[in-house]
Amino acid sequence: MVEKYRPQEIEPKWQKRWEEDGIYRATEDPSKPKFYMLTMFPYTSGDLHIGHWYAMAPSDAHARFRRMQGYNVMYPMGFDAFGLPAENAAIRYGIHPYTWTMRNVENMRRQLKSMGPAHDWSREVVTCLPEYYKWNQWFFLKFYEAGLAYRALAPVNWCPKDQTVLANEQVIDGLCERCGTPVVKRDLEQWFLRITKYAEELLDFSKVIDWPEKTILMQQNWIGRSEGVEVAFPVEGHSEEIRVFTTRPDTIYGVTFMVLAPEHPLVPKLTTPDRWPEVEAYIEQTRRETEIERLSTEREKTGVFIGAYCRNPLSGERVPIFIGDYVLLTYGTGAVMGVPAHDQRDFDFAKKFGLPIKVVIAPPGWQGGELTEAYVGPGVMVNSGPFDGLPNERGKEAVTEYVEQHGLGKRTVAYRLRDWLISRQRYWGTPIPIIYCDNCGIVPVPEKDLPVLLPPDAEFKPTGESPLKYHEAFVNTTCPRCGAPAKRETDTMDTFVDSSWYFLRYASPDYQDGPFDPKKVEFWCPVDQYTGGAEHATMHLLYARFFIKALRDLGLVKFDEPFLRLYHQGHIIVQRQKMSKSRGNVITPDPYVAELGADTVRAYLMFLGPWEQGGEWDDSGISGVHRWLNRVWRLVLGTHEDIRAGNVPAGEPAENDIRNLRRITHKTIQKVHNDLDRFQFNTAIAALMEFVNHLYKFRETPVLGTPAWREAIESLMLMLAPITPHLAEELWVRTGHPYSIHQQRFPTWDPALVVEEEVTLAIQVNGRVRDRITVPADMPEEEIKALALKSPRVQAQLNGKEVVNIIYVPRRLVNVVAR
RNA sequence: GCCGGAGUGGCGGAAUUGGCAGACGCGGCGGUCUCAAAAACCGCUCCCCGCUAAGGGGGUGGGGGUUCGAGUCCCCCCUCCGGCACCA
């Protein structure tokens with residue numbers, strides 16, 4: 001009788017042993033190809049839930065698979081530890097963000113380790129520790145020197161009652177989440193990183209090996225490159241001109257109005273006194289709107305005439321100037337030339353304000369009638385002076401030429417991408433290493449004075465702008481340049497700065513002389529395989545790419561892209577929602593681990609469905625996976641005992657059975673290998689389940705105990721090693737193999753053994769299956785077709801109809817087409 | 001709204017990328033073993049007509065199309081999910 005499978009005993013045992021032996025510790029061993037495997041590090045929210053395991057367990061299986069393929073794998077783990085939730089917890093529970101965060105780190109580390117992962121914990125990085133954030137500051141200084149960091153006015157959400165800056169998340173329907181006061185926008189001097197300098201290069205994915213198409217597409221759309229022309233419209237009675245960016249210079253004769261972003265700097269200057277009260281009120285109103293609202297094409301257009309006019313530089317026509325919230329200051333020049341006939345938003349605006357709609361690109365068959373909607377298609381230019389008669393595509397070029405030659409404007413490329421605002425008016429983040437001196441102005445903190453430590457005793461509650469502002473000992477300092485009394489910058493950095501380079505720190509986490517040891521980074525980086533949620537497609541993943549390109553240009557790294565391959569896992573949701581403490585729907589792995597073992601939970605999470613898709617948490621199927629692991633346990637140990645005791649079915653093993661067993665073994669190896677390679681864990685496990693089902697049948701035959709049987713059982717254990725590492729190790733050692741299975745090679749398949757000798761073909765008549773025939777795999781096409789036609793069921797279906805075609809798809813089907 | 005995805009039995013999902021729809025598992029039904037239960041094992045299980053047969057019909061969110069053949073490709077629509085620059 002086989003001993004019972006007790007994961008609660010074997011799992012801690014092996015975890016301890018692996019850790020003691022350091023079998024997952026990565027070293028710079030050049031004898032094997034390196035493989036840097038990385039999972040997005042978790043935010044230290046405190047509730048490590050089944051969703052974290054969902055992200056980590058399959059990724060761990062992939063890392064283990066790569067190790068078994070002979071790669072020198074570095075698979076580190078760390079914690080993203082700065083951010084808003086720590087401050088919220090501090091306010092709610094009166095606990096210091098540091099204490100809260102580090103307590104969460106402890107707990108999350110313990111829970112992660114109970115999964116039995118192959119992480120190299122000696123490389124752990126925690127971003128809220130000074131030895132980490134010091135280097136955020138160091139990078140900031142480098143960026144500043146290189147002109148990549150600059151200060152500018154930018155709006156923040158401001159709650160007038162709480163006197164505090166709010167994150168977008170804290171604004172619910174335009175109201176402060178704490179007190180319900182309407183939130184307004186307020187301009188503050190803030191720090192930016194010049195990501196737009198890299199817009200063009202960031203569009204290029206040719207140096208990436210394998211990223212999901214959709215992620216590339218989302219980043220490209222996010223960057224939003226468009227080619228066009230910037231044209232200056234002189235303002236009547238002023239020396240100023242309004243510069244507009246347009247991708248449709250061919251429609252310039254159709255301009256009937258001009259719309260400026262309400263925040264446009266020329267608005268106060270150009271607005272006539274009689275229009276000012278209304279204009280000012282509209283600007284105020286706009287400042288309460290979100291960008292999503294403003295860009296919605298659904299809602300009715302709004303705007304206000306400012307009383308001023310400009311002149312169309314080509315047609316000479318007089319054009320009234322409006323402001324409208326659908327124009328954003330951050331895109332193009334913050335001004336739009338209104339061409340209602342050929343842009344739907346302009347059309348809606350013109351209808352609303354009774355402005356003329358002048359057709360300048362004739363729609364096909366147009367008789368000069370009124371349009372019911374904007375015509376955005378191609379056509380011939382009309383009402384466009386010297387350009388009349390040109391097809392509009394050529395017209396674009398001609399107008400651009402004209403504009404450039406007459407000094408009215410120039411070709412430009414506009415990007416939707418904006419510079420990265422990194423200032424946060426928060427406590428729990430990296431202090432920005434800048435000092436403001438009355439004599440010297442903006443003075444960067446000298447490198448030798450880093451880190452600028454976050455004072456532990458600050459009043460981090462939301463009592464004002466930047467919490468650090470009220471920490472006198474922090475704020476008041478002396479100017480490093482002239483020695484006069486000076487003040488520190490009190491804003492902290494966006495936490496996306498932390499996550500833009502943490503993967504470099506893993507290469508040398510204890511390095512003191514810089515953010516990383518250049519030699520170690522050169523050895524390990526870039527990341528070969530990155531996994532994480534698709535919600536990071538446009539922000540984190542773009543910021544990290546920007547960071548690496550900037551570091552490259554600073555001479556700090558030698559590669560262009562941080563992550564060569566990328567895979568997105570989906571998310572586990574509960575009651576159709578993301579798990580969160582506040583919703584009270586957090587599922588932790590702990591009780592499942594206690595009852596069924598980590599291996600069962602790991603395998604179940606991988607078996608649930610395509611990793612990419614995630615899904616609703618439902619534990620009703622977990623017993624099936626646990627049952628299966630029990631079957632594996634009894635199969636491997638039971639047959640091991642039977643063979644040793646000579647207790648095998650009598651008789652000679654049939655040649656055919658041996659051949660079949662070997663084919664099934666090798667086909668399974670091929671399938672599991674390919675699936676683990678492509679993150680298709682669910683089908684890998686399904687294949688392993690089928691394999692085990694087959695082995696239970698073969699167990700009843702004399703092949704039990706043959707070399708083919710041993711090959712099957714060893715392959716099974718090795719294939720399970722990445723998925724259920726503890727079970728695999730226990731079985732491996734118990735069946736007399738040398739520790740550790742995690743230092744073995746993944747089995748390989750023999751292509752010659754995988755091919756089927758016979759195939760079953762579906763026989764269709766007009767696309768419906770009517771019969772099946774089993775034929776030798778190498779039977780010639782003509783014979784197969786003849787055989788198909790002979791089938792009585794086919795004949796019954798044909799019933800005198802004329803056969804017009806016979807389609808043969810090798811190894812699949814025959815389709816008889818009849819009329 | 002804009003950008004990007006997804007939709008297949010009672011449930012999670014599979015389908016070699018245009019070739020037998022429903023692998024594998026859950027659940028359900030029936031059985032073996034047992035004093036009994038659990039565990040384990042065996043069989044059946046997309047829907048409808050039909051005798052639990054032979055056989056036939058329908059079927060991958062809805063509607064249309066391309067094709068010998070569509071879950072897969074194209075067009076329109078519906079629903080759900082992710083992101084929208086201060087949640088990370």
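This structure is a prediction, so every number in the text was calculated from the model and none was measured. First the proteins, then the strands, lettered A, B, ... as listed; each starts at 1.
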If the [atom1] atom of [N] is compared with that of [M], how far apart are they to the nearest Å?
| N | M | atom1 | result |
| --- | --- | --- | --- |
| B:U34 | B:A53 | P | 32 Å |
| B:G10 | B:C47 | P | 7 Å |
| B:U8 | B:U72 | C1' | 12 Å |
| B:C73 | B:G19 | P | 11 Å |
| B:C42 | B:G9 | P | 28 Å |
| B:A38 | B:A23 | C1' | 30 Å |
| B:C24 | B:C44 | P | 11 Å |
| B:A37 | B:G43 | C1' | 23 Å |

Please classify the nucleic acid contact of [X] as base, sugar-phosphate, or nothing, using heavy-atom distances under 4.0 Å.
| X | value |
| --- | --- |
| A:Arg634 | sugar-phosphate |
| A:Leu608 | sugar-phosphate |
| A:Ile807 | base |
| A:Arg811 | nothing |
| A:Glu700 | nothing |
| A:Lys4 | nothing |

Subject >> Donor-acceptor pair (no angle test) under 3.5 Å: A:Glu616 side chain, B:C11 base >> reply: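 There is none.
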Original post:
Going by modelled atom types, is there a donor-acceptor pair between the base of B:C86 and the side chain of A:Asn168 at under 3.5 Å?
Top reply: no
So, is [X] near the phosphate of [N], with a side-chain N or O under 4.0 Å from OP1 or OP2?
| X | N | result |
| --- | --- | --- |
| A:Arg770 | B:G56 | yes |
| A:Arg793 | B:G55 | yes |
| A:Arg631 | B:G25 | no |
| A:Asn630 | B:A40 | no |
| A:Arg424 | B:C86 | yes |
| A:Arg627 | B:G27 | yes |
| A:Asn766 | B:G69 | no |

Subject >> Watson-Crick or G-U wobble partner of B:C80, both distances under 3.5 Å >> reply: B:G5
Original post:
Given A:Tyr326, which of A:Arg299, A:Lys301, A:Arg294 fulfils the side chain to side chain contact (heavy atoms under 4.5 Å, CB included) condition?
Top reply: A:Lys301
Subject >> Rounded interatomic separation in angstrom, taking CD1 from A:Ile573 and C1' from B:C81 >> reply: 8 Å
Original post:
Between atom CD1 in A:Ile806 and atom P in B:G19, what is the gap in whole Å?
Top reply: 21 Å
Subject >> Option from A:Trp211, A:Phe41, A:Phe563 for which ring-ring contact (aromatic ring centres under 6.0 Å, His included) with A:Tyr530 holds >> reply: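 Output: one option passes, namely A:Phe563.
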Original post:
Using the purine O4'-C1'-N9-C4 or pyrimidine O4'-C1'-N1-C2 torsion, is B:G5 syn (within 90° of 0) or anti?
Top reply: anti
Original post:
Where does B:U8 land, syn or anti, once you apply the within-90°-of-0 test for syn?
Top reply: anti
Original post:
Of A:Thr164, A:Asp491, A:Thr490, A:Thr492, which meets side-chain hydrogen bond (donor to acceptor under 3.5 Å, both in side chains) against A:Gln425?
Top reply: A:Asp491
Original post:
Taking atom CG of A:Leu166 and atom SG of A:Cys176, what is their separation to the nearest 0.5 Å?
Top reply: 4.5 Å
Original post:
Are a donor atom and an acceptor atom from the side chains of A:His540 and A:Glu535 found within less than 3.5 Å of each other?
Top reply: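 Per modelled atom types, A:His540 and A:Glu535 side chains form no pair under 3.5 Å.
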Original post:
Are A:Gln670 and A:Asn674 linked by a side-chain donor-acceptor pair shorter than 3.5 Å?
Top reply: no
